[in-house]
Structure formats: C-alpha cells, structure tokens
Amino acid sequence: MRTTTDQKKVFYDSNRQKHILSVLIADAPNTQLWTTAEGYYVRFIDKIQTTAEIEERLGWLSDTANKLHEFKPLVFPTGVLINCDAGEHGYVLKSTKETTLQSLIQKPSTEKLYRWYFDLTGGISYRLKLGYQLAKLLIKLHRAGILINTLSPDLIFVDSYKAESPITNIEIAVTENVSTYSRKPLYAVLGEYADPMIGRKMTVQTTYSDTYAFAVTLFSLLTLCHPFKGEQHENLPREKQYEFILTGSLDYIGDPEGENYSDLYEDNQVFLSSELKALFLRTFKDGKFDHTLRPSLQEYADACLKSINHLTKCDSDNCGKEYNDDLSHICPFCMQRTRSVVYVSCIETISQSKRVLMPMDLQSQELPLPLVENAIATMSLQDGINYIPRSFLSEDVPVENERRSLAIYVSHKTDTIYVYNMFKQAKVVVNNQLLDPYVKTKNNRLQFRLGTDEIRISLPNNMSILTERSAVENSKEYGRINIQKFLVVKRG
C-alpha cells in the first residue's frame with residue numbers, strides 16, 4: 001500500500017475532480033484512508049476484489065445513496081479514482097465534518113492527559129453522547145437491513161470539539177463492503193475492530209459483528225485503550241500482534257481474572273461507569289466467542305444515557321472535572337469530596353381504591369393492596385439549567401423524543417433551585433404549590449432554598465407522559481387504580 005512518500009501525489013476521479021493526497025489517517029490490511037488538500041477523503045483498496053466487482057459495487061452504492069435520504073449521517077462515495085496503480089482501487093468520500101473519531105482517541109504526545117481529555121476533547125459526557133448517537137444510528141440501519149461491516153473510529157466523522165458548542169452529529173463512511181439483505185459483503189472484514197469470531201471463521205458478518213465493532217470503538221473512545229492491547233500483546237513478536245487480536249487469542253485488559261495487564265487502562269478505567277464496565281466484560285470476555293452472551297446495541301445506548309445522568313462535577317477550585325459518582329461523592333482525580341451534589345429521582349407509585357380479602361395472609365377482613373413503589377431513574381443535577389426529558393419519567397417513552405417535561409435550575413453558589421414546568425398542558429404540584437406550564441412572558445417558576453429538605457414534584461394521576469392526558473383506570477377486582485409519578489430533588 002501507499003506510504004507517506006505519496007503525500008502530494010495527484011489523483012483524478014470519475015467526476016474529473018483533482019485530489020492531492022495530504023495525510024494518511026488510517027492504515028489497515030488491504031485498505032488505507034487519506035485526507036486530501038481539497039477537503040475530501042480517499043480510500044484505497046488493495047487486491048481484495050476484481051476491478052469489475054469493485055466498480056459494480058460502487059455503482060450500486062451510488063444508486064443506494066439516492067434512495068436513502070432519511071439516513072443523512074451516511075457518507076457515500078462520490079467518485080472512483082481513475083489513475084490508481086495496477087491491482088489497486090480507490091474512491092472519494094466527502095464528509096461535512098472536520099475530522100474522524102480517531103482524533104478523540106489518539107492523544108498528542110505533547111498534551112497532558114486530563115487537559116486534553118476534558119478541556120480539549122469534551123471529557124466523559126461528550127464521548128458518551130457520541131457513543132449514544134452511534135448506537136442509535138446503527139440500530140436504525142440494522143432495522144433497515146443495512147450492515148456497515150467496516151465500523152472503526154477512522155471511518156466515523158465528527159466535528160472538532162468546541163466548548164462553546166459541544167453538541168455534534170456523527171457521520172459514518174459507507175465503504176465498498178457495506179451489505180444488505182440482497183447484497184453480501186465483498187470480503188470478510190479483518191482488523192483490530194473486527195469480531196474475532198470472523199477471524200476464526202466461526203461466522204460471517206452480521207449485526208452481532210457490527211455491535212462488536214461498536215463496543216471496541218466505544219471502549220477506545222472512553223478509555224483511549226484497545227480492549228486487548230496489554231502486556232500479553234506487548235510481549236508478542238510484532239508480526240504476531242495483529243494475528244492474536246484478530247483471532248481473539250488475548251485476554252480482555254478489563255478482566256480482573258485475566259493476565260493481559262495494561263497500565264493505561266488501570267489509570268483510565270475511571271472514565272467508565274459500572275454499567276458500561278459490566279457490558280464490556282460481557283462483550284470481550286463472556287461473549288468473545290458466543291454471540292448470545294453479548295449485550296445488544298440498545299443495552300449500550302441505555303447504558304450511555306444512564307452514565308451521563310450519573311456524572312457529577314467536582315466543585316474543587318483546582319479540579320472541576322466530571323466523574324462517575326459511586327455515591328461517595330469523592331472525585332477520583334483530586335480525591336476531594338464534592339461539597340454539594342444534587343440528585344433528582346423519578347418514582348412511580350401504584351395504588352387501588354377497593355379493599356380485598358387476602359386469605360393467604362390469614363386475614364379475616366378485607367384490606368387494601370399494599371402500595372407499589374418503583375424507582376424509575378436518577379440523575380445528577382449540574383450547576384445551571386438541567387432539562388428533564390420525558391423518557392426520564394417513563395420507560396415507555398422513546399429516548400429519541402426530545403420533548404421536555406421539567407427544567408430545574410441549580411445554583412450551588414446561592415444555594416437556590418428554580419423549578420420550571422415545561423409541559424404544554426399538564427399542571428404539576430411542587431411542595432404543595434401548583435405550577436402552571438411555563439410562559440416566557442410570565443416567567444412563572446418556583447424558587448426553593450437548596451437545603452437538607454427534599455423538593456417533591458407531583459404529576460397528575462394516571463397521566464400519559466407523551467400525550468399529557470390523564471385517564472381513569474378502573475378494575476373490576478380492585479376498583480380505581482391510581483398511577484402517579486413524582487420527582488424528588490435533594491442533596492446527595
């Protein structure tokens with residue numbers, strides 16, 4: 001394949017556009033990805049398929065791009081290179097993003113870890129949001145019968161992190177090896193992000209292999225480590241290192257019973273929540289050679305959101321970093337206790353009006369059924385405005401629904417909390433005070449002192465979170481059934 005000596009080499013594509021090679025950003029067996037001086041990406045393929053097969057596949061992708069308007073985050077080839085070397089194929093990709101996900105994994109040697117990780121590249125929450133976006137996009141693609149097959153950080157495009165606008169959308173490169181129900185992959189994807197079951201020829205590419213590649217990508221994004229690059233990997237001859245990763249012959253570096261120790265992982269595992277640690281262990285240890293033991297993409301998406309909700313920001317003057325709080329409120333970076341931590345919890349209660357005879361309890365009279373109480377979710381509130389999505393209140397509400405339910409403003413400096421009702425119709429009760437839906441001209445909100453007492457926000461009985469309507473739930477056996485959700489805000 002090409003080397004850095006090919007920088008500034010000129011290529012032309014089938015649209016007669018000129019491309020000057022700039023930087024080699026990904027080098028894998030039989031494939032490479034370069035940036036160009038014109039702001040494009042060029043992918044080279046070496047000795048994998050015949051020219052006719054590659055050209056037919058790229059033509060099909062071009063037709064497919066015109067049909068998949070709803071999949072805007074997909075980056076399709078825009079042209080085929082016409083002056084490649086013999087046995088080599090190439091095509092052009094155009095992304096609207098500035099860089100690849102690899103830029104959030106590969107720390108420059110001149111930068112200090114925590115400054116680069118938190119201040120320059122968004123920290124834990126930014127990476128979790130990107131991981132959630134990627135998981136949901138893959139779920140959508142799989143439902144449409146599309147497999148990416150070549151998922152890796154080098155082929156996922158993002159904007160450079162900017163603290164003033166920290167939200168970005170991802171784009172995924174659609175390579176020559178993408179497949180559908182009627183189109184098989186051109187070749188078995190092998191590499192550091194590939195499913196080891198493919199490396200051992202135990203299976204072919206499936207949604208499971210895409211999910212495995214996602215797990216390796218998310219693990220690398222959060223910890224800056226590859227899940228199998230530890231001491232075992234370093235002690236192998238160089239020519240054997242790739243083969244052992246490919247075939248899953250190394251222990252997972254996060255396995256407490258394994259022998260593949262990694263200094264970098266020991267330092268950086270602090271970036272992982274307990275939920276994600278458990279999922280990664282299921283993927284890279286229990287499910288390494290058994291698809292049925294691996295977590296699903298939806299489990300990873302849910303864990304990313306739960307991890308975001310549990311992040312706490314250290315309030316030490318010399319720290320200020322976000323961390324995964326284990327309820328001790330001790331920041332792992334400065335070892336100082338966070339002085340003020342505020343949580344909001346959503347709780348659901350179910351009760352009924354009729355009294356029933358319960359002979360199993362040896363009761364001679366009718367009694368009401370015991371109150372059923374379920375904890376639905378918990379979130380750590382940060383300084384400033386915190387919007388509570390409707391999915392926080394009900395597991396039945398899709399997370400993709402961005403509609404808000406409540407907003408809670410927290411000021412640790414003044415020990416003040418403001419509660420805003422962001423529902424369009426429903427009225428809520430906050431500590432026995434009625435709060436109408438928020439109107440900007442009225443600035444209607446309720447103010448509370450952030451003390452030891454809890455703030456209780458009650459929603460109407462039997463209210464549907466999506467529609468805001470309340471329905472009377474009656475049962476022949478139990479009478480009127482009341483389902484009520486309420487939020488509790490208090491110091492941790």
Side-chain angles (χ1 to χ4, degrees), residues 1-4 7 21-37 39-45 73-75 92-113 115-124 126-135 137-138 148-162 166 168-175 177 189-194 210 212-229 233 241-242 245-246 253 262 264-265 268 271-272 280 304:
M1 295 295 284
R2 302 190 171 276
T3 65
T4 52
Q7 284 180 335
L21 295 188
S22 179
V23 179
L24 175 61
I25 60 173
D27 191 2
N30 300 318
T31 63
Q32 284 184 342
L33 188 69
W34 288 74
T35 60
T36 72
Y40 287 78
Y41 294 89
V42 171
R43 180 171 166 87
F44 290 103
I45 316 161
L74 298 185
V75 179
V92 180
L93 296 160
K94 178 61 176 177
S95 172
T96 62
K97 305 302 178 183
E98 301 167 353
T99 185
T100 68
L101 205 62
Q102 187 65 33
S103 65
L104 298 177
I105 297 173
Q106 194 67 42
K107 182 185 76 67
S109 58
T110 56
E111 293 288 352
K112 292 183 178 181
L113 174 61
R115 178 180 181 274
W116 176 80
Y117 193 93
F118 288 99
D119 300 337
L120 302 183
T121 58
I124 304 172
Y126 183 67
R127 286 169 166 79
L128 287 171
K129 290 172 184 176
L130 291 176
Y132 173 77
Q133 279 190 50
L134 182 58
L137 176 56
L138 288 173
I148 293 297
N149 295 323
T150 52
L151 190 70
S152 71
D154 301 310
L155 295 170
I156 300 169
F157 304 114
V158 296
D159 288 321
S160 298
Y161 173 74
K162 300 177 182 63
T168 184
N169 294 317
I170 62 172
E171 293 180 347
I172 300 179
V174 177
T175 69
N177 211 39
V189 174
L190 306 175
E192 295 185 346
Y193 291 82
D210 264 7
Y212 187 92
F214 164 83
V216 180
T217 298
L218 181 63
F219 183 88
S220 302
L221 180 63
L222 289 168
T223 68
L224 315 183
C225 309
H226 187 282
F228 297 103
K229 288 187 177 180
H233 178 265
Q241 290 178 342
Y242 172 76
I245 288 181
L246 181 65
I253 61 175
S262 167
L264 184 60
Y265 176 74
N268 291 358
F271 301 140
L272 298 178
F280 287 135
C304 285

Is the shortest heavy-atom distance from the side chain of [X] to the side chain of [Y] under 4.5 Å?
X: Y265; Y: L272; answer: yes
X: Y117; Y: I124; answer: yes
X: L33; Y: F44; answer: no
X: L138; Y: F214; answer: yes

ask   = Which atom pair, heavy atoms only, marks the closest approach of C304 to L218?
value =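 In terms of heavy atoms, the two residues are closest at SG-CD2, 4.0 Å.
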query = Which pair of non-hydrogen atoms, one from L155 and one from T150, has the smallest distance, and what is that distance?
reply =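 The answer is CD1-O, 3.3 Å.
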With rounding to the nearest 0.5 Å, note down the distance linking [atom1] in [X] to [atom2] in [Y].
X: E192; Y: Y242; atom1: CD; atom2: OH; value: 8.0 Å
X: T175; Y: I45; atom1: OG1; atom2: CD1; value: 7.5 Å
X: I156; Y: L151; atom1: CD1; atom2: CG; value: 4.5 Å
X: F228; Y: L246; atom1: CZ; atom2: CG; value: 11.5 Å
X: K229; Y: S262; atom1: NZ; atom2: OG; value: 11.0 Å
X: L264; Y: I253; atom1: CG; atom2: CD1; value: 7.5 Å

Under 3.5 Å, is there a donor-acceptor pair between the side chain of [X] and the main chain of [Y]?
X: N177; Y: N149; value: no
X: T121; Y: W116; value: yes
X: Q32; Y: L24; value: no
X: D154; Y: A26; value: no
X: K94; Y: G39; value: yes
X: K129; Y: Q133; value: no

request  = Please step through side-chain contact (heavy atoms from CB on, under 4.5 Å) for the pair V174 and L93, ending with a clear verdict.
outcome  = CA-CA 9 Å; V174 177; L93 296 160; over 6 Å; no
key: Reference residue S220; test side-chain contact (heavy atoms from CB on, under 4.5 Å); the match among T217, V216, L222   =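 For S220, the side-chain contact (heavy atoms from CB on, under 4.5 Å) test succeeds with only one of T217, V216, L222, which is V216.
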task = Anything under 30° is parallel, anything over 60° is perpendicular, the rest tilted; go ahead and classify F118 against F271.
result =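 Geometry flag for F271 against F118: perpendicular rings.
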request  = Please work out whether the ring planes of F157 and Y41 are parallel, tilted or perpendicular, with thresholds of 30° and 60°.
outcome  =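 Tilted.
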message = side-chain contact (heavy atoms from CB on, under 4.5 Å), that's the test. Do R2 and L21 meet it? Break it down for me.
response = CA-CA 10 Å; R2 302 190 171 276; L21 295 188; 4.2 Å; yes
Side-chain donor-acceptor contacts of residues 95-105 below 3.5 Å, not counting sequence neighbours, with atom names and distances?
unit_1	atom_1	unit_2	atom_2	d
S95	OG	K97	N	3.0
S95	OG	E171	OE1	2.6
T96	OG1	E171	OE2	2.6
K97	NZ	N169	O	3.3
E98	OE1	S160	N	3.0
E98	OE1	S160	OG	3.0
E98	OE1	K162	NZ	3.4
E98	OE2	K162	NZ	3.3
T99	OG1	S103	OG	3.4
T100	OG1	Q102	N	3.4
S103	OG	T100	O	2.7

task = Check whether NZ of the Lys or CZ of the Arg R127 lies under 6.0 Å from the centre of the six-membered ring of Y161 and within 45 degrees of that ring's axis.
result =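 Not flagged: R127 not positioned over aromatic ring of Y161.
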ask   = Given I245 and Y193, is the side-chain contact (heavy atoms from CB on, under 4.5 Å) satisfied, shown in steps?
value = CA-CA 9 Å; I245 288 181; Y193 291 82; over 6 Å; no
For R43, all residues meeting salt bridge (charged side-chain N to carboxylate O under 4.0 Å, His left out), sequence neighbours excluded =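 If we apply the salt bridge (charged side-chain N to carboxylate O under 4.0 Å, His left out) test to R43, skipping adjacent residues, the hits are E176.
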request  = Might you work through the side-chain contact (heavy atoms from CB on, under 4.5 Å) test for F219 and H226, ending with a clear yes or no?
outcome  = CA-CA 7 Å; F219 183 88; H226 187 282; over 6 Å; no
